[in-house]
Every structure is written in structure tokens, then in C-alpha cells.
Amino acid sequence: MAANDRVRVRGVSIFRPIIYGNTATVLSQQERGALPTPDHTHRWTVAVRSAASAPDSEVVGGADDISYFIKRVTFKLHDTYSNPTRNLDKPPFEISETGWGEFEIQIRITFIPEAGEKAITFYHHLKLHPWTAVGSGDPEIPPLDAAMKMGPVHSWQYDEIVFHEPFQSFLNILTAHPPTPLPKTKRRPVPFHTANPGSLEASKGGVPEFTLQMEREESERLDSARKAVIVEQEKWREKLIEKEKELERLQGQLDNS
């Protein structure tokens with residue numbers, strides 16, 4: 001490796017779009033009876049994948065092999081599972097299990113040595129039961145036979161892993177593997193997100209797919225959230241200044257009394 005390969009490229013940022021989340025299906029009575037844990041009601045798969053979906057694929061995302069920049073994905077499951085910490089060092093970065101309850105899964109992504117980057121961690125709430133609209137009156141946990149007729153449940157989050165001023169060697173690896181672009185327009189149902197309640201109806205009818213429009217909407221939601229945080233910070237800063245002035249005035253009165 002040349003010495004300049006370990007030099008960071010100043011002023012350059014490059015990102016890779018990923019998704020993480022899960023798909024869950026209701027087990028039939030026969031499937032439940034065949035399990036050593038007959039109280040389990042669902043089969044689920046949690047995964048980290050590239051954002052774009054392969055044509056005619058029955059899975060969400062996964063068009064690209066992301067092992068060129070990801071060395072390991074670690075899933076931390078609920079402690080009731082055997083070997084709850086699962087390390088995956090090659091694609092597909094996913095695990096499948098059965099269960100009856102929802103819980104939070106910790107997802108830790110470790111990059112290849114060439115990246116020289118620290119591992120990052122995401123958290124995903126395992127979703128087993130169908131999404132429902134707020135105020136619709138639909139039960140949050142419908143009977144199993146009704147849930148089975150609704151089909152698989154999908155819960156996926158889009159994210160962009162940004163590398164600021166990467167090492168030249170790592171930048172060469174990234175640029176040699178451009179990600180498959182997201183479709184510009186909606187071709188399939190879209191993944192539902194609680195931040196966008198209006199997407200519930202658009203999420204029905206098959207395997208969902210992320211699009212460029214969704215990417216833009218997510219970016220706009222993040223920008224709005226950042227602006228709201230800035231406004232809130234400024235409000236509290238002004239309140240703090242007022243309180244400091246009040247404290248200074250009271251202190252002055254005490255000194256003169």
C-alpha cells in the first residue's frame with residue numbers, strides 16, 4: 001500500500017445509502033406445532049441491506065453487495081434468545097428467527113480496515129404486527145388469522161452512511177462500487193414510516209421499495225427537525241440570558257443592602 005493511500009482526502013464527503021429493519025409473517029398452526037417453542041407466532045428476518053431493490057425481487061432492498069465497505073454486522077437480540085449476540089462477517093447481513101413479542105434490536109456496523117472509521121450503531125424496534133392508522137379503531141394486535149390474511153409486515157428505515165474526508169485507499173474502493181440508484185418514481189408500494197402517516201395506504205399491496213422521492217422527503221423531514229432543534233435551542237438560550245441578568249440584578253441588590 002502506497003503511503004499516500006493512508007492520507008485523508010480533504011474536503012471530500014461520500015455516502016452509501018443503506019436500509020435496516022425487518023419483515024415478519026404469521027406462522028400457520030402447523031408451523032407453530034412443529035416448533036420446539038409452540039408459543040411462537042411469527043417468523044421474522046432482520047437485516048442491513050443496500051437501499052435499492054433488485055428488479056422483481058421479493059425482498060426489500062439488497063440490490064448491491066455491501067461487503068466491499070462493511071466488514072461485520074452485529075445484531076443484539078433479546079436475552080431470551082439463544083446466543084443473543086449474532087456476528088455476521090459476510091453477506092447477506094441478516095438473521096431469521098421465530099418469536100411472539102416485539103423488542104428493540106441493536107445493530108452495530110463495523111467497516112473494513114481500509115476505512116479507518118469507528119463502528120456505528122443503529123436501533124430497530126422489531127415489528128411483528130400490522131401497521132394501523134392512529135384513530136382508525138383497528139386493533140394494534142389483531143387476531144392471528146386476520147393478521148395472516150394481511151400478509152407480511154414490513155418495517156424498514158432508510159439511512160445514509162457518510163464518510164467525511166476518507167482515506168484515499170478507502171475512497172478508491174467506494175468509487176469502484178457505485179450504488180444502484182433508487183428508482184425516480186413509485187413502482188411498488190412504499191415502506192411505511194411513522195413520521196409520514198400518509199404513507200400507510202401507499203405501503204399496502206406487496207413488497208415495498210424505496211424511491212428517490214422518499215429519499216428527498218426523508219431529507220426534508222430531517223432538515224425540518226434540525227431547524228426545529230435550532231429554534232428551540234435559541235429560545236432556551238434567550239431564557240438563560242434573561243435568568244442570568246435577573247440573577248445579576250438580584251446579586252447587586254444583595255450587595256447594596
Side-chain angles (χ1 to χ4, degrees), residues 15-25 42 44-54 57-64 66-67 69-70 72-78 86 88 91-97 99 101-111 119-134 140 151-163 179-183 186-204 206-226 228-229:
F15 74 91
R16 284 296 175 264
I18 65 162
I19 61 170
Y20 59 92
N22 79 275
T23 296
T25 56
H42 292 74
W44 50 264
T45 297
V46 62
V48 174
R49 298 173 181 153
S50 65
S53 298
S57 173
E58 290 302 309
V59 300
V60 184
D64 302 324
I66 54 178
S67 63
F69 73 98
I70 292 178
R72 168 179 288 182
V73 176
T74 301
F75 297 96
K76 178 65 172 66
L77 308 182
H78 194 275
R86 313 282 179 90
L88 298 177
F93 297 115
E94 61 184 51
I95 58 173
S96 295
E97 275 285 0
E102 300 182 347
F103 57 91
E104 186 175 71
I105 299 176
Q106 182 190 86
I107 303 172
R108 180 179 173 87
I109 297 177
T110 304
F111 301 108
I120 59 174
T121 301
F122 297 107
Y123 293 90
H124 173 69
H125 181 82
L126 179 69
K127 180 70 174 170
L128 301 183
H129 309 295
W131 296 103
T132 57
V134 176
E140 291 187 10
V153 171
H154 297 281
S155 177
W156 296 93
Q157 176 67 47
Y158 173 93
D159 212 316
E160 294 176 353
I161 301 178
V162 181
F163 301 102
T180 298
L182 296 175
K186 178 178 176 290
R187 304 181 300 189
R188 305 182 191 177
V190 297
F192 174 68
H193 196 288
T194 52
N196 182 16
S199 65
L200 180 58
E201 283 302 316
S203 70
K204 298 178 180 179
V207 179
E209 179 181 52
F210 285 86
T211 66
L212 280 176
Q213 181 181 352
M214 289 191 68
E215 180 186 5
R216 286 193 294 268
E217 291 173 351
E218 181 69 11
S219 178
E220 290 171 359
R221 282 196 292 270
L222 289 172
D223 285 341
S224 297
R226 278 192 288 265
V229 169

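Heavy-atom basis, side chains included; hydrogens, waters and symmetry copies ignored. Note that the structure is predicted; figures quoted are calculated from it, not measured.
The line from OH of Tyr20 to CD1 of Ile105 is 12.0 Å long, rounded to the nearest 0.5 Å. If you take CZ on Phe103 and CG on Leu128, they are separated by 8.0 Å, rounding to the nearest 0.5 Å. Note that CD1 of Ile19 is 9.5 Å distant from CG of Leu182, once rounded to the nearest 0.5 Å. Atoms CD and OG, from Glu102 and Ser155 in turn, are 8.5 Å apart once rounded to the nearest 0.5 Å. To the nearest 0.5 Å, atom OG1 of residue Thr74 and atom CD of residue Gln106 are 8.5 Å apart. Put simply, NE2 on His78 and CG on Leu126 are 11.0 Å apart, with the number rounded to the nearest 0.5 Å.
By the 4.5 Å heavy-atom criterion applied to side chains, Phe93 and Ile18 are not counted as neighbours. With contacts defined as side-chain heavy-atom distances shorter than 4.5 Å, the pair Val73/Ile107 qualifies. Here the side chains of Pro92 and Arg49 are not in contact, with every heavy-atom distance at 4.5 Å or above. No side-chain heavy atom of Thr45 sits under 4.5 Å from any side-chain heavy atom of Val59. Residues Val60 and His154 are in side-chain contact: their nearest non-hydrogen atoms beyond the backbone lie under 4.5 Å apart.
When all heavy atoms of Tyr158 and Ala51 are compared, the closest pair comes out as CE1-CB, 3.8 Å. Looking at every heavy atom in both residues, Phe69 comes nearest to Arg16 through CZ-CB, 3.8 Å. Of all heavy-atom pairs between Ala47 and Trp156, the closest is O-CZ3, 3.7 Å. Shown here for Pro208 and Ser53, the closest heavy-atom pair between the two residues is O-OG, 4.4 Å. The two residues Ala63 and Ala54 make their nearest non-hydrogen contact at CB-N, 3.7 Å.
By the ring-ring contact (aromatic ring centres under 6.0 Å, His included) test, Phe163 pairs with Phe111, Phe170, sequence neighbours left out. With sequence neighbours excluded, the residues that form a side-chain hydrogen bond (donor to acceptor under 3.5 Å, both in side chains) with His124 are Asn22.
In terms of modelled atom types and a separation under 3.5 Å, the side chain of Asp64 and the main chain of Thr180 share a donor-acceptor contact.
Using bins of under 30°, 30° to 60° and over 60° for the plane-to-plane angle, the ring pair His129/His42 lands in the perpendicular bin.
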